[in-house]
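Comments concern the structure below.
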Amino acid sequence: MSDDLSSLKAETEAALAAAPDLRAWDTVRVGVLGRNGALTGLLKQLGAVPAEQRRERGAALNRLKDELAAAIEARRLALEAAELDARLASERLDITLPPRPAAPAGPAQGSIHPISRAMEEMAAIFGAMGFAIAEGPDIETDWHNFSALNIPAHHPARAEHDTFYLPPATAADQPPRVLRTHTSPVQIRTMLERPPPLRVIVPGRTYRADHDATHSPMFHQCEGLALDRDITLAHLKGCLIDFLRAFFGIADLPVRFRASYFPFTEPSMEVDIGWNRKTGEVGHGGHWLEILGSGMVHPRVLANCGLDPRAWQGFAFGMGVERVAMLKQGIPDLRPFFESDIRWLRHYGSSPLAPAMLHEGV
Ligand code: DAH
C-alpha cells in the first residue's frame, strides 16, 4: 500500500477509536466515505493517474475502501451496544421500593375479593392436609352433573337444582348440556381421570336459576373428595372439624353432624356450626347454622366411574363459598358480592400482601 493510503488508513482507525459517540462516529464516516470524503476524493482522482499505474492503484483503493467500511461498521455496532448499556443502567427501576400509601393522595390500590380470599384460605387449609386442587368446566353434560352422581332423569333432586339448560347444539345433543348446578361433577371427572388414592378440593363457579336477597344465579362452591382403601366417617368428621376451626379461627368452634340425604352419598350428613342468631356471630350463642353437605361416596357413584366399591371408599363434601365468607367477615347481604361497588370492595376486600386470615395452630 502506498504511503498516502497507509496514513489514511491509520488516521481513520485512530479517529474511529477516539469517537466517543455515534455523532462523532458519523463525522468520521462522512470525512472518509462521504461525497467529499478523503477516500472518495482519491477515487475521483484515479482518472489522472498514469495508465500503467492506474490498475494497481484502483485495486489498492478498493481494498482500502472495503477495509475502512468494515472498520466503520464495527465501530458503529460497538458504540450502539455501549449506548444501550448506558441506557439500561441509567433507566433501571427499583422494584423493591414500596408503593406510596393509597388514597387520598397516592395511587388507587386494588384488593382481594372476599370470595377469592375465602377460596385461597380453603386451598391453604386443605392443601396442608394433602388435598390438591381440581377443576372442571362450567358447562357440563347432564351425565356428569346428574346421572353419574346417582341423580337419574326424573329424580326429585333434579327439581331442587333450578337448572340452566343450554339450547341443544344439534338434534342429537340430548339431553341438553347444563350450567353446572354444583361442583360435584368434578368428583366424577377426577375419578375418571386419575386413579385413587386421591384427595382433591374443587373451588369454582356454579349456577342456578334463582335470584333474591340470599340467592345469586352465579355463586361459588368448594367441593371435596378423599378416596382410599380404608377411609371412614371418622376421617370425614375429623377433617371437616379441623377445617372449620382453622377457617373461622375459633379453636373450640362447636361443630355438629346431622343425618341427611344426598343421592351421591350414603350415609349423608349436614354439618352445622355454633353461632348466635341475633348477632350473626360465629362460635357461640346457643344456635346452630347449617354450613355444608357431606357423606361417604355412594357405591353406585364409584361404580359409575369404573371403581370397585369393595376396593375403594371415601368421603365427599360441598359448601357455599359466599355463605362462609359472609359469616367469617360479618357481611350481611349477598347481592353486593357481584355489584363491583368500589366502596364495598374497599371495605371487605383484603390486601394482596396481607397473610391469609387463618388461625395458626388450631
Ligand atoms: N352438591 C351438593 C349441593 O350443591 C352439596 C354436597 C353435598 C356436595 C354432599 C357433596 C356432598 O360432595 O357429599 O347441594
Side-chain angles (χ1 to χ4, degrees), residues 119 122 126 131 133-136 138 140-152 155-164 178-192 196 198-210 214-228 231-241 243-244 255-273 289-302 304-305 307 309 312-324 334:
M119 295 200 299
M122 291 173 190
F126 283 112
F131 285 75
I133 289 182
E135 291 181 314
D138 290 14
E140 261 303 2
T141 66
D142 182 277
W143 187 78
H144 288 92
N145 195 79
F146 293 121
S147 307
L149 288 161
N150 199 32
I151 316 176
H155 190 287
R158 288 201 181 207
E160 287 166 26
H161 277 224
D162 301 309
T163 311
F164 285 112
V178 302
L179 291 182
R180 68 180 182 193
T181 57
H182 49 178
T183 41
S184 304
V186 186
Q187 286 189 38
I188 303 300
R189 292 184 175 274
T190 305
M191 288 189 269
L192 289 172
L198 54 86
R199 282 180 230 176
V200 294
I201 59 162
V202 185
R205 270 196 269 271
T206 47
Y207 306 83
R208 290 187 197 182
D210 211 352
T214 54
H215 295 90
S216 149
M218 189 279 297
F219 58 105
H220 297 76
Q221 287 190 342
C222 184
E223 193 82 10
L225 172 68
L227 273 191
D228 209 329
I231 288 196
T232 69
L233 205 71
H235 294 114
L236 161 58
K237 292 179 73 173
C239 179
L240 289 180
I241 291 171
F243 164 73
L244 291 168
V255 180
R256 176 173 83 170
F257 291 81
R258 197 164 30 77
S260 183
Y261 171 78
F262 298 102
F264 32 88
T265 44
E266 182 59 37
S268 303
M269 295 183 299
E270 270 166 327
V271 185
D272 303 336
I273 56 172
L289 180 66
E290 179 201 322
I291 196 141
L292 53 81
S294 66
M296 300 302 291
V297 180
H298 197 292
R300 221 176 279 155
V301 173
L302 295 170
N304 286 343
C305 299
L307 296 172
W312 299 103
Q313 60 187 32
F315 65 79
F317 60 87
M319 73 184 124
V321 178
E322 284 80 357
R323 181 82 187 269
V324 293
L334 174 70

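We count ligands from 1, going down the list as the structure has it; atoms in each ligand are counted the same way.
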Other residues, nucleotides and ligands only: do more than 12 of their heavy atoms fall within 6.0 Å of CZ on Arg256? yes
Can you confirm whether Glu135 is buried at CD, in the sense that more than 12 heavy atoms of other residues, nucleotides or ligands lie under 6.0 Å from that atom? no
Stepwise salt bridge (charged side-chain N to carboxylate O under 4.0 Å, His left out) check, Glu140 with Arg189: CA-CA 11 Å; Glu140 261 303 2; Arg189 292 184 175 274; 2.6 Å; yes
Please report which non-hydrogen protein atom sits nearest to atom 11 (C) of ligand 1, along with the residue it belongs to and the distance in Å to one decimal place. Phe264 CE1, 3.5 Å
Gly224-ligand 1 polar pair, N/O distance under 3.5 Å: no
What are the two closest non-hydrogen atoms of Thr183 and Val202, and how far apart are they? CG2-O, 3.8 Å
What closest approach, in Å, do Met319 and Ile291 show between heavy atoms, and which atom pair accounts for it? CB-O, 3.8 Å
Enumerate the atoms of ligand 1 whose separation from the nearest heavy atom of [X] is less than 4.0 angstrom.
| X | value |
| --- | --- |
| Gly293 | 7 (C), 9 (C), 11 (C) |
| Phe262 | 7 (C), 9 (C) |
| Gln221 | 3 (C), 4 (O) |
| Gly295 | 13 (O) |
| Ser184 | 1 (N), 8 (C) |
| Gln187 | 12 (O) |
| Ala316 | 12 (O), 13 (O) |
| Thr265 | 13 (O) |

Side chain or backbone of Phe315 under 4.0 Å from ligand 1, or both, or neither, by non-hydrogen atoms? neither
Would you mind telling me if ligand 1 is within reach of the side chain of Glu223, the backbone, both or neither, using heavy atoms under 4.0 Å? side chain
Point-to-point distance, once rounded to the nearest 0.5 Å, from CG of Leu334 to CZ of Phe219: 10.0 Å
Assess whether side-chain contact (heavy atoms from CB on, under 4.5 Å) is satisfied between Leu149 and His182, documenting all intermediate values. CA-CA 11 Å; Leu149 288 161; His182 49 178; 3.6 Å; yes
contact_flag His161 ligand 1 heavy-atom lt 4.0 Å: no
Would you check whether Met319 reaches within less than 4.0 Å of ligand 1, judged by its heavy atoms? no
Going by side chain to side chain contact (heavy atoms under 4.5 Å, CB included), Arg180 matches just one of Thr141, Thr163, Thr206. Which one? Thr206
With ring centroids as reference points, do Phe146 and His161 lie under 6.0 angstrom apart? yes
So, Phe126 versus Phe317, ring centres under 6.0 angstrom or not? yes
Please state which option from Arg180, Glu160, Arg208 has its nearest heavy atom closest to atom 3 (C) of ligand 1. Arg208
